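Remember, it's a predicted structure, so these values are computed and weren't measured experimentally.
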Amino acid sequence: MMVLAAVAGGVIALRLVDIQVLRHQAYLQMAERNRTQVLYQNAPRGRVFTADGVAVATNEPAFSLYYLGVGDASPEYLAQLAHDFAPRLKMKEPEVLEKLEKGAKTGKATLLAENLSTKSTVALQELQLYYPGVYLIEETKRNYPYGGFASHLLGYIGSMDDREWRNRDPKMGYRLSSKIGKNGIEKKFEKELKGTDGGVYLEVDYRGRVKSIIQDKKWGAGSDVYLTLDFKLQQAAEEGLKNSKTGRGAAVALDPRTGAVLALASAPAYDPNIFVQYSDEENPQQSKKINEYNLAIQGTYPPASTFKIITAAAALEYGHLDVNRKINCPGFYDSGPRVFRCWGKHGPMDFFDGMSNSCDVYFYQVAAQTGSAAIERVERKFMIGRQTGIDLPGEKAGNLYGPTRRARNKTYWFIGDTLNLSIGQGELLVTPLKLAQFAAAVASRGNVYRPYYVEKIVSNQTGKTEIVGKTEILQKADLKPETYDLLFKALKHTVEGGTAARVRIKGLDVYGKTGTAQNPHGEDHGWFMAFAGREGEAPSIALAVFVEFGEGGSSAAGPIARSMLEAYFDLDKPSPRRPAAAPQAPKRTDADYEELLPSGEEDGSI
C-alpha cells in the first residue's frame with residue numbers, strides 16, 4: 001500500500017511540475033483566453049513602391065463597429081440605437097436591431113459593421129458619446145491610388161476560399177475574415193506583405209459577458225516591396241495601349257544591362273480597388289469578374305519582321321551576306337512551287353536598305369542562301385521558343401520554328417518554310433516579354449538576362465532590407481563583334497529613315513525594328529521593338545510593344561514606343577509638328593498584286 005501511495009504521489013508531483021513549470025506558459029495562455037475576448041485589428045499590408053519611390057499599393061483607414069453588450073439593454077434603448085446607427089452604416093434598421101438584440105442576449109461583443117470609411121466614422125464617433133457599449137476599432141483597407149496601374153503585375157487581394165483556409169500557415173495568424181493576395185505580387189509576396197494583427201482585449205466573465213477593456217495591442221505593419229518599375233515609363237506604356245486603335249496589347253521594357261523590368265503593361269487592365277471597396281459607400285456596380293489574362297507573358301504571336309534581325313544575324317555570322325550587294329525587289333519572289341510577295345516594290349536594295357524598308361524579298365533571298373538550319377541556330381542562341389525565366393506564373397514559352405523538329409518528327413521541311421521563317425511568320429511564336437528580352441540581348445551584344453521585377457523588401461518592424469533582385473545571365477548569344485556592329489548600324493538606319501522613323505528622337509541613339517504579323521482571324525497585329533541610350537552612350541532601355549489587331553507596327557505600336565522612350569529619358573515632348581511619316585505597307589487589292597506578278601503566275605503567297 002505504501003508503494004502504491006508513493007507511486008501515486010509521484011505521478012501527482014510530476015503532473016504538478018508539468019503544469020506549473022514545463023507547460024506553465026501554455027496553460028497560462030489558455031486561462032487568459034477563458035477570461036478574455038479579442039477584437040482583432042487587421043494590420044496594414046506592406047506598401048509597394050516603384051523604383052523611383054512612387055507608392056502604387058498603400059493602405060487607407062477603415063473601421064469596424066462593435067456592440068459590446070454592456071450597459072442598458074432594454075428594447076427601447078436598442079431600438080433607438082438601431083434607428084440612429086442604421087443610416088450611417090447604410091444598413092436596414094431591422095438588420096441592425098437583430099444584431100444588437102443578439103449581442104444584448106449573449107453579452108458578447110458583436111460586430112455590427114466592418115470596412116467603414118473615415119467619412120462615416122465622424123458621425124459614428126459622435127454617437128458613441130450617447131450610446132455606451134458601442135465601440136469603433138480602427139483597421140486598414142488596401143488601396144491602389146493609381147487604379148489599374150500595373151494591375152496584372154500587382155494583382156489584388158480577397159477573402160480566403162476553403163482550399164486556402166485549409167492550407168494556411170498557422171504561424172501567420174490568419175482568421176476567417178482575413179484578406180490575402182489572390183494574384184500577382186499580392187499573392188507572390190503574401191508572407192512578406194502581411195503584417196502582425198493587433199487587437200482590443202476585453203475582460204469577460206465565465207459566461208463570456210464583457211466586463212471591461214484590458215488592453216489595446218498595436219499591430220505591426222507588413223514589409224514594403226520595392227519594384228524595378230519606372231513609374232513614368234509604366235504610365236506611358238499603359239496610356240499608349242489604352243489609347244491605341246484597339247485598346248488591346250502589351251508593352252514591356254527591360255534594362256539591357258541587368259534584366260530589370262522597367263515596365264510591364266497588359267491591356268485591357270483592371271482596377272483592383274473593386275475588391276476592397278468601403279461597405280458604407282455607394283459604389284457603381286462593377287463586375288468582379290475581371291480579365292486576369294496577362295498578354296505580356298501569356299499571349300503568343302508571330303514576331304513578323306522583327307525576326308529579320310535574326311535572319312540577318314545568321315547570314316552575317318555564317319558568311320552568306322555581302323552588305324553592299326544589291327538585291328532587286330520587284331514586289332514578289334518566285335520560289336519555284338510558290339510565289340511569295342512583298343508589301344512593296346522596293347527595287348534594288350542593299351543590306352541596310354533592306355532592313356530599313358523591311359523588304360520581304362531581300363530577306364527571302366538572304367534566307368534561301370543562308371539556309372534554315374543556320375537561322376535556327378541563331379534562334380536558339382537567343383532562347384527563342386523558351387520561357388524568359390521571369391518569376392511569374394503562367395508564362396508561355398512560344399514556339400521555336402526550324403527544320404530540327406521536322407526532322408525529329410520525320411516530316412518534310414520546304415523552301416516555303418524557310419521563307420516564312422525568314423520574315424517571322426509560319427509556326428514561329430513569341431510573347432511580348434520574349435521579344436523585349438531579345439531586344440535587350442541584342443542591345444547588350446549577346447547577354448540573355450533573366451527578367452526580374454522586385455529590387456528589395458524592407459521590413460517595417462525590424463528595418464531589415466532584403467535584396468531580392470539580382471542580375472543573372474541565362475545564356476550568351478555569342479556572335480562575332482562585327483555581326484553586332486552591322487546589326488546596330490542597320491537598326492539605327494531603320495530609325496533614321498526607315499519604317500522605325502517614329503522613334504527618331506533628338507539627343508538619343510535609338511535602334512528599332514517594326515513588324516506586322518499576319519492574322520488569319522482578322523486585322524494584322526502590330527509590333528515595335530527598340531533599344532536606346534543617350535547620344536554616345538550604351539543602350540539603357542530595350543522594349544517591345546504589341547498592339548493586337550493594330551494592322552501596322554509603325555502606325556499602331558510606334559507612337560507607344562516613342563512615348564515610352566520620352567518618358568524614360570524624361571524628355572520634353574516635341575512641338576506639335578508631327579514627325580516624318582514612316583513608310584507604311586499600302587492596302588493592296590488582288591488586282592494590285594496581279595500587276596506585280598509575272599504573266600501567267602498565280603499568287604500562292606501566305
Point-to-point distance, once rounded to the nearest 0.5 Å, from [atom1] of [X] to [atom2] of [Y]:
{"X": "Ser151", "Y": "Asn291", "atom1": "OG", "atom2": "CG", "value": "9.5 Å"}
{"X": "Thr499", "Y": "Met355", "atom1": "OG1", "atom2": "CE", "value": "9.5 Å"}
{"X": "Glu164", "Y": "Glu190", "atom1": "CD", "atom2": "CD", "value": "9.0 Å"}
{"X": "Thr370", "Y": "Glu317", "atom1": "OG1", "atom2": "CD", "value": "11.5 Å"}
{"X": "Leu193", "Y": "Ile157", "atom1": "CG", "atom2": "CD1", "value": "10.0 Å"}
{"X": "Asp271", "Y": "Ile274", "atom1": "CG", "atom2": "CD1", "value": "7.0 Å"}

Which residues pass the side chain to side chain contact (heavy atoms under 4.5 Å, CB included) test with [X], not counting sequence neighbours?
{"X": "Ala567", "value": "Lys232, Ala236"}
{"X": "Ala251", "value": "Ala237, Leu241, Val545, Met564"}
{"X": "Asn328", "value": "Pro330, Pro348"}

Plane angle bin for [Y] and [X] - parallel if under 30°, tilted between 30 and 60°, otherwise perpendicular:
{"X": "Tyr362", "Y": "Phe351", "answer": "tilted"}
{"X": "Tyr412", "Y": "Phe414", "answer": "tilted"}
{"X": "His525", "Y": "Tyr301", "answer": "perpendicular"}

For [X] and [Y], I'd like to know if the aromatic rings sit close, meaning centre-to-centre distance below 6.0 Å.
{"X": "Phe546", "Y": "Phe528", "result": "no"}
{"X": "Phe488", "Y": "Tyr511", "result": "yes"}
{"X": "Trp413", "Y": "Tyr401", "result": "yes"}

Near [X] [atom1], under 6.0 Å, is it more than 12 heavy atoms from other residues, nucleotides or ligands?
{"X": "Arg386", "atom1": "CZ", "result": "no"}
{"X": "Lys326", "atom1": "NZ", "result": "yes"}
{"X": "Asn409", "atom1": "CG", "result": "yes"}
{"X": "Lys191", "atom1": "NZ", "result": "no"}
{"X": "Lys188", "atom1": "NZ", "result": "no"}

Could you verify whether a donor N or O on one side chain and an acceptor N or O on the other, from [X] and [Y], lie under 3.5 Å apart?
{"X": "Thr514", "Y": "Ser554", "result": "no"}
{"X": "Thr388", "Y": "Glu395", "result": "yes"}
{"X": "Ser305", "Y": "Lys513", "result": "no"}
{"X": "Tyr146", "Y": "Glu238", "result": "no"}
{"X": "Gln437", "Y": "Arg450", "result": "no"}

If I compare all heavy atoms of [X] with all of [Y], which pair ends up nearest, and what's the gap?
{"X": "Leu428", "Y": "Pro303", "value": "CD2-CG, 3.4 Å"}
{"X": "Leu229", "Y": "Thr50", "value": "O-CB, 3.4 Å"}
{"X": "Ile310", "Y": "Ile375", "value": "CG2-O, 4.0 Å"}
{"X": "Thr258", "Y": "Tyr452", "value": "O-CE2, 3.6 Å"}
{"X": "Pro432", "Y": "Gly299", "value": "CD-O, 3.4 Å"}
{"X": "Tyr156", "Y": "Pro272", "value": "CB-CB, 3.8 Å"}

Exercise for the section: Determine the sole option in Ile415, Leu419, Val361 for which the side-chain contact (heavy atoms from CB on, under 4.5 Å) test with Phe340 is passed. Expected result: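 The side-chain contact (heavy atoms from CB on, under 4.5 Å) with Phe340 is passed solely by Leu419 among Ile415, Leu419, Val361.
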
Just by modelled atom types, is the [Y] backbone N or O under 3.5 Å from a matching donor or acceptor in the [X] side chain?
{"X": "Tyr453", "Y": "Asp391", "answer": "yes"}
{"X": "Asp350", "Y": "Arg325", "answer": "no"}
{"X": "Arg341", "Y": "Phe332", "answer": "no"}
{"X": "Thr246", "Y": "Glu548", "answer": "yes"}
{"X": "Gln425", "Y": "Gln518", "answer": "yes"}
{"X": "Gln475", "Y": "Arg380", "answer": "yes"}
{"X": "Trp343", "Y": "Thr516", "answer": "no"}
{"X": "Ser563", "Y": "Ile560", "answer": "yes"}
{"X": "Thr431", "Y": "Thr300", "answer": "no"}
{"X": "His152", "Y": "Ala267", "answer": "no"}

Is the shortest distance from a Lys or Arg side-chain nitrogen in [X] or [Y] to a carboxylate oxygen in the other one below 4.0 Å?
{"X": "Asp417", "Y": "Arg406", "answer": "yes"}
{"X": "Arg445", "Y": "Asp478", "answer": "no"}
{"X": "Asp509", "Y": "Lys492", "answer": "yes"}
{"X": "Asp255", "Y": "Arg257", "answer": "yes"}

Exercise for the section: Please step through side chain to side chain contact (heavy atoms under 4.5 Å, CB included) for the pair Leu565 and Ile505, ending with a clear verdict. Expected result: CA-CA 9 Å; Leu565 291 175; Ile505 302 173; 3.9 Å; yes

Problem - Pair Val378-Thr311, side chain to side chain contact (heavy atoms under 4.5 Å, CB included): steps then yes or no - result: CA-CA 8 Å; Val378 177; Thr311 303; over 6 Å; no

Problem - Intermediate values then yes/no, salt bridge (Lys or Arg N to Asp or Glu O under 4.0 Å), Glu566 and Arg562 - result: CA-CA 6 Å; Glu566 289 174 339; Arg562 182 186 182 90; 3.2 Å; yes

Exercise for the section: Test side chain to side chain contact (heavy atoms under 4.5 Å, CB included) on Val48 and Leu227 and set out the steps. Expected result: CA-CA 7 Å; Val48 180; Leu227 307 180; 3.7 Å; yes

Practice task
Sort out for me which residue in Phe231, Tyr270, Tyr144 forms a ring pair (Phe, Tyr, Trp, His ring centres under 6.0 Å) with Phe149.
Solution key: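 Of Phe231, Tyr270, Tyr144, ring pair (Phe, Tyr, Trp, His ring centres under 6.0 Å) with Phe149 is met by Phe231 alone.
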
Problem - The single option from Phe531, Phe382, Tyr449 passing ring pair (Phe, Tyr, Trp, His ring centres under 6.0 Å) against Phe438 - result: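 Among Phe531, Phe382, Tyr449, the one meeting ring pair (Phe, Tyr, Trp, His ring centres under 6.0 Å) with Phe438 is Phe382.
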
Practice task
Output, in order, the C-alpha distance, side-chain angles, deciding distance and verdict of side chain to side chain contact (heavy atoms under 4.5 Å, CB included) for Ile473 and Val448.
Solution key: CA-CA 6 Å; Ile473 298 177; Val448 184; 5.6 Å; no

Exercise for the section: Answer yes or no on whether Lys456 is positioned over the face of Tyr226, meaning its NZ or CZ is under 6.0 Å from the six-membered ring centre and within 45° of the axis. Expected result: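 Yes - Lys456 lies over the ring of Tyr226, closer than 6.0 Å to its centre and within 45° of its axis.
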
